[in-house]
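Please read the structure below before turning to the comments.
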Number of protein chains: 2
Amino acid sequence: MARKTGSHSEITGPRIRAAAEHLFARHGYAAVSMRQIAAEVGVQAGALYLYTPDKQSLLADLMRDHLDGLLAACAALPPVNGPEARLDQFARFHIGYHIDRPDAVFVAYMELRNLEPANFTAIEALRRRYENTLEAILRDGRAAGVFAVPDTKLATLALIAMLTGVTNWYREGGRLGRAEVEAIYAAMALNAVGASPLPTR
Amino acid sequence: MARKTGSHSEITGPRIRAAAEHLFARHGYAAVSMRQIAAEVGVQAGALYLYTPDKQSLLADLMRDHLDGLLAACAALPPVNGPEARLDQFARFHIGYHIDRPDAVFVAYMELRNLEPANFTAIEALRRRYENTLEAILRDGRAAGVFAVPDTKLATLALIAMLTGVTNWYREGGRLGRAEVEAIYAAMALNAVGASPLPTR
DNA sequence: ATGCTATCTGAACGCATGTTCAGTTCAAGC
DNA sequence: GCTTGAACTGAACATGCGTTCAGATAGCAT
């Protein structure tokens, strides 16, 4: 039997991507088979190939979509004045965005090594572009004399690692709420670069 | 032909573990086959089973050995006085130890999800024990009024993530030397918890 | 020189993999 | 009510997987 009532490509497509993202995050790209993804969606493995040319593209598309969304959301942030306020805003944004998408984040950061060279180059470029927005803030802050960082590139990577680490332990409904976590991390980020944390918003 | 001159188990065993560690770090546990490991060592796949009961044990042993070494080295640190000096020492130690073992670190942090439940529990306990040594420093510092951290557990995870992140980009002979990186990260760690960085040693 | 044993080979095992494709099914357009 | 075509099945494909094991090899003790 094929085509149960109401099943269309607009439904199945996203469901495949969601299942793949979830399974890739949980078990890793290489450890997940197309048949497992299909089973999660309730479909045979062959049907997946109506929605993706191959497994590799499925991974690359997930990562690209995540990073595109991240960059777009970051670019849409309301403008604020001064390096401290900008870093505070960036840190809170980064935490918030990543907390809401633990699976996508996990995949985007852990499966880089499973990308074919061409895909790797493209994804890596997006990642670098995001890092550059943070580094620009740090450079401006150092030029303005409000951040004390010996090396902006290193500080960028250190801050990103620290902020992204939140996805390793944060769970909805845990001991600490979203806003608290954002506030604490933003304060630590400002401290780390030698600035004073902003008063709690 | 078997047994080339001078080839003994004391040689082959470590070579297998080294090859496995390197390949697991590069491509991921699930993406690496026993035949690839064997080829790297210059041996047939069957020979691996003289040194490990199965692929899973190979992974678990690598991770356990790494964490055992980390805990032992951490415990062997010379005692220093005061939370600031202890955090400074811990940060430098962490950076230095991890910089020297990028493959082992990568495997120990990224392949947790590929461990069978029993192995996972054991490895996770070791990791937690290591984190606890840092959290103890932060608690003492807060009790002494020299660290300003709203939540020591959260600060612990944030610092570990930041410090471990160094393995993602550090390369021997790069722009920054080992000592510089250690100093910068130690300063950022102290800053992050609201303490003043120690004068450069 | 001979036998012993640790070390390793090479082939085989059953099974899972990513991918293809001829054929089936069903909602919608006429 | 018939036709069309998108959505999907189910079987098959070559290949590779982890693991096993009988047998070959070579250094060591005697």
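Computation of the quantities below employed the complete heavy-atom set of this structure, encompassing side-chain atoms and omitting hydrogens, waters and symmetry-equivalent molecules. As the structure is a prediction and not an experimental result, all values here were calculated from the model. Chain identifiers are assigned alphabetically (A, B, ...) following the order of the sequence lines, protein sequences preceding nucleic acid strands; residue numbering begins at 1 within each chain.
Of the candidate nucleotides dT9(D), dC8(C), dT19(C), dT9(D) has the atom lying nearest to any side-chain atom of V43(A). Looking at the side chain of A47(A), the nearest of the listed nucleotides dT7(C), dC8(D), dT19(C) is dC8(D).
Contacts of residues 20-35 of chain B with DNA chain C (heavy atom under 4.0 Å): R35(B).
At whole-Å resolution of the value, OH in Y51(A) and P in dA6(D) are 12 Å apart. When the P atom of dT19(D) is taken as reference, atom CG of L50(B) falls 14 Å away, rounded to whole Å. If you measure from atom CZ of R15(A) to atom C1' of dA7(D), you get 14 Å, rounded to the nearest angstrom. In this entry the distance linking CD1 of I37(B) with C1' of dG18(D) reads 11 Å, nearest Å. Protein atom CD of Q44(A) is 15 Å distant from nucleotide atom P of dT25(C), rounded to whole Å. One atom, CG of L48(A), and another, C1' of dG10(D), lie 14 Å apart when rounded to the nearest Å. Whole-Å rounding puts the Y49(A) OH to dG10(D) P distance at 18 Å.
The OG1 atom of T164(B) sits 13.0 Å away from the OH atom of Y97(B) when rounded to the nearest 0.5 Å.
Regarding contacts with the backbone of dA7(D), every side-chain N or O of T12(A) stays at 4.0 angstrom or more from both OP1 and OP2.
Look at E111(B) and R113(A) and you find a salt bridge, because one of the NZ, NE, NH1 or NH2 atoms lies within 4.0 Å of a carboxylate O, short of that distance. Between R128(A) and E131(A) there is no salt bridge, since none of the side-chain N atoms of the basic residue sits less than 4.0 Å from a carboxylate O of the acidic one. Using a 4.0 Å cut-off between charged nitrogen and carboxylate oxygen, E40(B) and R15(B) do not count as a salt-bridge pair.
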Pair up each side-chain donor or acceptor in residues 63-72 of chain B with any protein partner under 3.5 Å, not counting sequence neighbours, and list the distances.
residue	atom	partner	partner atom	Å
R64(B)	NH2	D61(B)	OD1	3.3

List, one per line, each side-chain donor-acceptor pair under 3.5 Å for residues 18-27 of chain B, sequence neighbours excluded.
none

